[in-house]
Novice: 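Just dropping this structure here.
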Amino acid sequence: MLGIENLPKLAGPFLKTERKSPAAMIQQLEQDQGGGMAKDLAKNRRVVMPSWTEHEEIKESQQSCTRNKVQTTKYTFLSFIPKNLFEQLHRFANVYFAFLGALNFVPIVNAFQPEISIIPIVFVMSITAVKDLWEDQRRRKSDQKVNNRLCEVYDRKQKQYVERRWAEVCVGDLVRLSCNEIIPADMVLLHSSDPNGVCHIETANLDGETNLKQRQVVRDLQQQGSEFVPENYSSHLECENPNNDLRRFRGFMEHPGKVRVGLHSENLLLRSCTVRNTETVIGIVVYAGHETKAMQNNSGPRYKRSKLERRLNMDVLWCVILLLLMCLIAAVGHGFWLSGRQNPIYMIPDDTHPALAAFYMFWTMIIVLQVLIPISLYVSIEIVKLGQIYFIQNDLDLYNPVLDTGVQCRALNITEDLGQIQYLFSDKTGTLTENRMLFRRCTVAGTEYPHHENGQFTSQQPSKYTRLILWRFLWNSTRSRAVAILTHNQSTTHSECAVVPDPQLQARLNTLSSPMCSPLRQQAAEISHILDFFLALTVCNTVVVSSPTQPRHVTGLSNGFSIIFQWEMKAMFQKLSLPRFPSSPSQNTDTPPSLTKKLFTRGRSASYFPNNPLQTPITTLQSPTAPSGTPTTPVTPALSSGAWSEDVDDIQKAKDNSADESESDDEDEAEELLYEAESPDEAALVQAAKAYGCTLLGRSPEQVLVAVPGTGPLSIPLLHVLPFHSARKRMSVVVRHPLTGEVVVYTKGADNVIMELAEAAEDGFCREIMERTQRHLDQYAREGLRTLCVAKKVLEEQEYKTWLKRHEYAETSIENREELLLESAERLETNLTLLGATGIVDRLQEEVPESIEALQEAGIKVWVLTGDKQETAINIAFACKLLRPTDHILMTKAADTWGNLLSNFGRQVTKEGVSEDDSSDCVLVIDGRTLDYALQKELQGSFLELTCCCRSVICCRSTPLQKSQVVRLVRDKLKVMTLAIGDGANDVSMIQMADVGIGISGQEGMQAVMSSDFAISRFKFLRKLILVHGHWCYARLANMILYFFYKNVMYVNLLFWYQFFCGFSGSTMTNSWVLIFFNLLFTSIPPIIYGMLDKDVSGETLLDLPDLYKSGQNSQAYLPSTFWMNILDAFYQSLVCFFIPYFAYAGSDIGVFSFGSPINGSALLIILLHQLIESRTVTWIHTALLLFSALFYYVFVLLFSLTCVTCNSPTNPLGIETKMMSEPLYFLVCGLTTVLALLPRILCRAFCSTICPSDLVRAQKMERLSAQDYYMSLRQWKENKAAQRLSSRHVPQNLSVNADMPHLTECIAEAGAVLS
């Protein structure tokens, strides 16, 4: 726990660095609040005042800020060509080909016409430039549309709001917006038409979340509640400089009188959000244009380098080495050839030395053989990936009709990584489960209330019994609320199912609403616990209350009506006080002995068992004047004793006076209450409290309106909200009790955290409550329930004031605000009194067990990283088939001996011979504290060694930081492909750390989706996304890349072999046009379609046989050996393609280009038919494209031969192709060459498919069978695989469940019972 002594370190920029006493520090704090900002921090902050301010320095600073005009375009009319060229030349391939194109303009080394050599690079870069220009034009039109939107800005000269374009809005402008208007810039909220100073915004344009967010006006603004006059606004604010954190805003506003008020994200209206359910809001612009948080987060699609791309880059380097080697051979050969000849008559006399000529020839051969580096490959890969993404996003099997969403591909270049996943890290809540919470059980003051019938009533229509129970919690003066509750229950969704109250708990609460029933002495303390418990569930949250016709439901109460309910509350507590609560001997009879204070006092005091009656009523509220006469309603004995008897008539009279007003409000009161919660847990707990009569009626920044059983609405002043934080694992609210006037802290959070904070209790009664509650928590966890603990703390006034002063300082800090607020919350949340705990069920999503089983069969190791209890995680693991009844669970909580246990387990597992695959029967379960030790550098190796011998790992009580550390450790140390999937903000770091991050658009917002590479709506979709689309994307892209390398090497080698017969002169046997277009046009389109449409196995078979996925895990389609086998095959085919025509035309008088004609024709047929052999799917599209490519080539060369005379200067290709094709020998040579070149590949493939077929080949053969034979073969396949796994499984007999888990047998027996 951080103390006040740590303030200098945390708030260093604000305090002097020398050590000071707490008193001196507080004094310094006050001086800082009254003084100006430190000069050395001025540059890190922004001061904002109205745009008409006369402060020259601030005015100049605001004018220098970015205007609100948005420009997302990259180019202008003049900058497009130079800037686009500059960007494209950042690619190594483009630089390489641009260099070769420029090199060909050097006369001494040029190989053919310079103009032709630049065609490939110009063609590729032109296509890219057109695409960039089209995208930029779309952005320009969007920018114009946004910048021309209108909003109302205050003009001081005209003394009114005038319409201005968004682009003209500046920092310091006061902007007025109406309902459904889009916010033009980041503004601090100064005024709202809502009397409570709140407004609602919808952030769907920003983060995809459609639920409304509540924002509030800056505190202590004097004009709130009346018409806002801009001229009277004289405050100024200081805030942090622009940043991209959507959920953080730090600053303060200084009002006249040097009073500072902290600014938070709740005061900030973000650009692009929409104002909802609020008539008018006014704000001052603090960030405009590109400084707004929305624009700071507009980074475009995520870019990651896939594993296949990294492998591709390595093979490109091998091709470069191969190119240099071939050019070096040609250069050396040319030098030796020139040295052996003395002035031959067929060469122009030249004084160039052979060595220098060889040097020149090296660069000439670089130009001739440049096609060895596939320039079109990179463009083709981008096109193929776009096609793959199109098919993934349009797969109807991955479409969720309920949410109307499909798969979102946010990263455009790692689709093939989906086919190589080896480790999968999954969150539990909201990922494996629905994250739609149903209240199931609770324990209060050590007494467990099982709610047996609650689990049976999960349908949308409540039973008659439910209606009877709900009616018992209604009060006579507001019977119309029954309609609201019943109507609400009839229209609830799964997350708001009707809660059937427990009869025992209901009977105890009936003592509050039954006029003839008074609690026994021993029940008083327990009832006070119950009241506090439900009050905490109702108040300790951030739930927004709304109705179908109102933005928020805040019941308007007249003064008389409010007095009625508060006096009824007093009467309720009076019933609990009769002769059981003794007053102190020194107590003054004129002051209340405060029974209510005793009911709401600290749990560790002895006042839980009072036995003296209350002497006087509470005097904090003025009672109405008591009229004379007989009461018109029966008065209980409890109410007729003491001073309360004279107030009954007053209460009844006030009721009668307000009857008409009550009846006029009946229609509004009957409206259905709708709860909008940021967390499903909060909604479930508020619904549970509502079922017991503790109804949340409304919320404002200053108060919470609740209804308590037996009375009516009660306004509770809300002093502070300490929101949930992943480090604290809890949230708290600080309220001032309306009856006792005491400051009370209500806290709810993780059970292990709350129990630790309550351990300081020394009272025996409290210890007994904690022990019984812990037993109940363990039972809830074994049943798979999510557990939360609820506690309270009563603060003395002086204690609260001391804490408040430091907390206000933390709120107004700009630097280190998060650390200071965290320290402030931890200082408050100590010595808590445990009230009780809840058990909430979170059902598994559909098809989760089948999906996990399929993923494990595919060889993927599934790890679950969750913040839940160990027992809960194990129960869920059994239910989703991550754990099997025969599994051996390795588990330890002994953090101090973790290193020894880790080593012993590792040696034991290794000794027993457990294989490091899915055949292992060991599952490691580790908690967060132990994980901290395992992640230490010296233990990481042992930890990974043990996990490799386990089939799965479950990490419980893990923090977001631990999740990301585990993913990084496995990814970096084991060198494996990792995938992380989650649905909440606590999963973002894990998702971003993995090779592939997948977000689920669930109940916890869109933070995970916004940080992910792919987004799905249900976990079951992961099965097809990985096993089918992942396999297809990897296999298609890998085969396409190998094919590109093959065809380029094959064709380039034809030119290389010719050099041995032309004196290594750099000459070619084909014209330059065909040489350039051969790989660029004639053979480039078929592999693109091949990369998008080829299917080695159908999707149904891939789902039926998850084992087929292992081929991608092992990179079988693209191994180094596969790459070199394709290169060798390309060398062989080039030899056949060159030397068969060479020997066929040996001794003839044909020219060089005539000799090259059958070589080019044969090469084209070989390359196209080679792809046909490699294709697993041949459709009419494939056939049409292959025929088109062949026809395109022949049409081009024939037209070129008939029409072109000077196209290939100085040679003349006129009539060559027509003459060669008129001879039968041409077709004979082409046919024989094609057959001999492809025969080895055909024979090799046939041999492998027959003698030793792979699983993919066997699956392809199964698909050709009839339906009956297919299913018989499928069953036989699965039986054989199961037998293989069973035979290879070595179960360590001496590994047993840790003694810390005595209830594991019950877990196994009960696994899935609750979640079925």
Side-chain angles (χ1 to χ4, degrees), residues 1 425-433 681 724-731 748-757 759 774 777-778 780-782 784-789 822 826 829 837 842 862-877 882-883 889-902 905 923-940 942-944 946-947 950 952-970 980 982 984-991 993-994 1298 1300-1301 1304 1307:
M1 184 71 66
F425 301 90
S426 174
D427 179 39
K428 182 186 74 68
T429 305
T431 303
L432 302 179
T433 61
D681 299 73
F724 176 84
H725 192 280
S726 59
R728 291 165 45 234
K729 294 186 178 181
R730 59 190 180 272
M731 78 162 292
K748 70 175 182 183
D751 50 9
N752 61 327
V753 175
I754 300 298
M755 296 295 276
E756 288 180 1
L757 295 175
E759 280 182 353
Q774 186 60 58
L777 288 170
D778 295 338
Y780 293 172
R782 288 194 296 272
L785 303 182
R786 289 171 56 86
T787 56
L788 277 177
C789 281
L822 179 62
E826 290 178 341
E829 298 163 335
D842 186 10
V862 181
W863 290 27
V864 174
L865 312 178
T866 178
D868 281 341
K869 289 172 66 69
Q870 197 172 70
E871 296 85 352
T872 304
I874 291 177
N875 186 282
I876 296 292
L882 183 64
L883 284 175
I889 300 180
L890 312 180
M891 188 163 41
T892 176
K893 294 181 181 179
D896 53 340
T897 60
W898 167 243
N900 296 330
L901 290 172
L902 196 59
F905 272 137
V923 175
L924 177 64
V925 180
I926 182 172
D927 66 346
R929 290 186 176 179
T930 314
L931 189 60
D932 277 335
Y933 287 86
L935 292 175
Q936 292 178 3
K937 190 173 182 180
E938 59 272 13
L939 295 177
Q940 289 178 359
S942 301
F943 174 63
L944 289 177
L946 176 59
T947 59
C950 297
S952 182
V953 177
I954 301 174
C955 299
C956 313
R957 296 296 191 191
S958 54
T959 64
L961 178 60
Q962 287 177 328
K963 291 182 179 182
S964 63
Q965 288 175 339
V966 169
V967 174
R968 180 172 58 186
L969 177 65
V970 173
N986 59 330
D987 304 317
V988 168
S989 57
M990 173 179 71
I991 289 173
M993 188 62 65
N1298 191 285
D1300 289 333
M1301 194 64 182
L1304 182 63
C1307 281

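As a basis for the values below, the full set of heavy atoms in this structure was taken, side chains included, without hydrogen atoms, waters or symmetry mates.
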Novice: Before accepting this row, confirm whether a basic side-chain N of the pair Asp932/Arg957 lies closer than 4.0 Å to the acidic partner's carboxylate O.
Specialist: no
Novice: Mark yes or no for whether Ser952, through its side chain, and Val923, through its backbone, hold a donor-acceptor pair below 3.5 Å.
Specialist: no
Novice: Please report the closest heavy-atom contact between Leu890 and Cys950, naming both atoms and the distance.
Specialist: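 Smallest interatomic distance, heavy atoms only, reads CD1-SG, 3.9 Å.
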Novice: With no hydrogens and no angle check, just 3.5 Å: does a side-chain donor-acceptor pair link Asp778 and Gln774?
Specialist: yes
Novice: When you measure from the side chain of Gln962 to the backbone of Leu931, do you find a donor-acceptor pair of N or O atoms at a distance under 3.5 Å?
Specialist: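 Here the side-chain-to-backbone pair does not exist.
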Novice: Say you draw a straight line from CD1 of Ile991 to NZ of Lys963; how long is it, rounded to the nearest 0.5 Å?
Specialist: 9.0 Å
Novice: Take Val753 and Arg728 through the side chain to side chain contact (heavy atoms under 4.5 Å, CB included) test and state the conclusion after the steps.
Specialist: CA-CA 8 Å; Val753 175; Arg728 291 165 45 234; over 6 Å; no
Novice: Roughly how far, to the nearest 0.5 Å, is CD of Gln870 from CG of Asn752?
Specialist: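 Reported to 0.5 Å precision, the distance equals 11.5 Å.
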Novice: With a 4.5 Å heavy-atom cut-off, do Cys789 and Leu777 have their side chains touching?
Specialist: yes
Novice: Could you state the interatomic distance from OG1 (Thr959) to NZ (Lys729), rounded to the nearest 0.5 Å?
Specialist: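 Answer for the OG1-NZ pair, Thr959 versus Lys729, is 6.5 Å.
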Novice: How far does CD1 of Ile954 sit from OG of Ser426, to the nearest 0.5 angstrom?
Specialist: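 It comes to 11.0 Å.
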Novice: Does the side chain of Tyr933 reach to within under 4.5 Å of the side chain of Ile926, using non-hydrogen atoms?
Specialist: no
Novice: Spell out, as yes or no, whether a donor-acceptor pair under 3.5 Å connects the side chain of Thr431 to the backbone of Lys428.
Specialist: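 Pair absent, no side-chain N/O of Thr431 close to backbone of Lys428.
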Novice: With distance as the sole test, does Thr866 use its side chain to make a donor-acceptor pair with the main-chain N or O of Cys956 at under 3.5 Å?
Specialist: no
Novice: Verify, without hydrogens or angle tests, whether Ser942 (side chain) and Leu939 (backbone) share a donor-acceptor contact under 3.5 angstrom.
Specialist: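 No; zero donor-acceptor contacts below 3.5 Å.
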Novice: Which atom pair, heavy atoms only, marks the closest approach of Glu829 to Met731?
Specialist: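 So the two residues come closest at OE2-C, 4.3 Å.
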Novice: Please round to the nearest 0.5 Å and tell me the distance separating atom SG of Cys955 and atom CD of Gln965.
Specialist: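 Here the rounded value is 11.5 Å.
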Novice: How many angstroms lie between CG in Asp427 and OG1 in Thr433, if you round to the nearest 0.5 Å?
Specialist: 8.0 Å
Novice: Please examine the side chains of Asp751 and Tyr780, heavy atoms only from C-beta on, and report whether any two atoms are closer than 4.5 Å.
Specialist: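 Side chain of Tyr780 against side chain of Asp751, heavy atoms only: no contact under 4.5 Å found.
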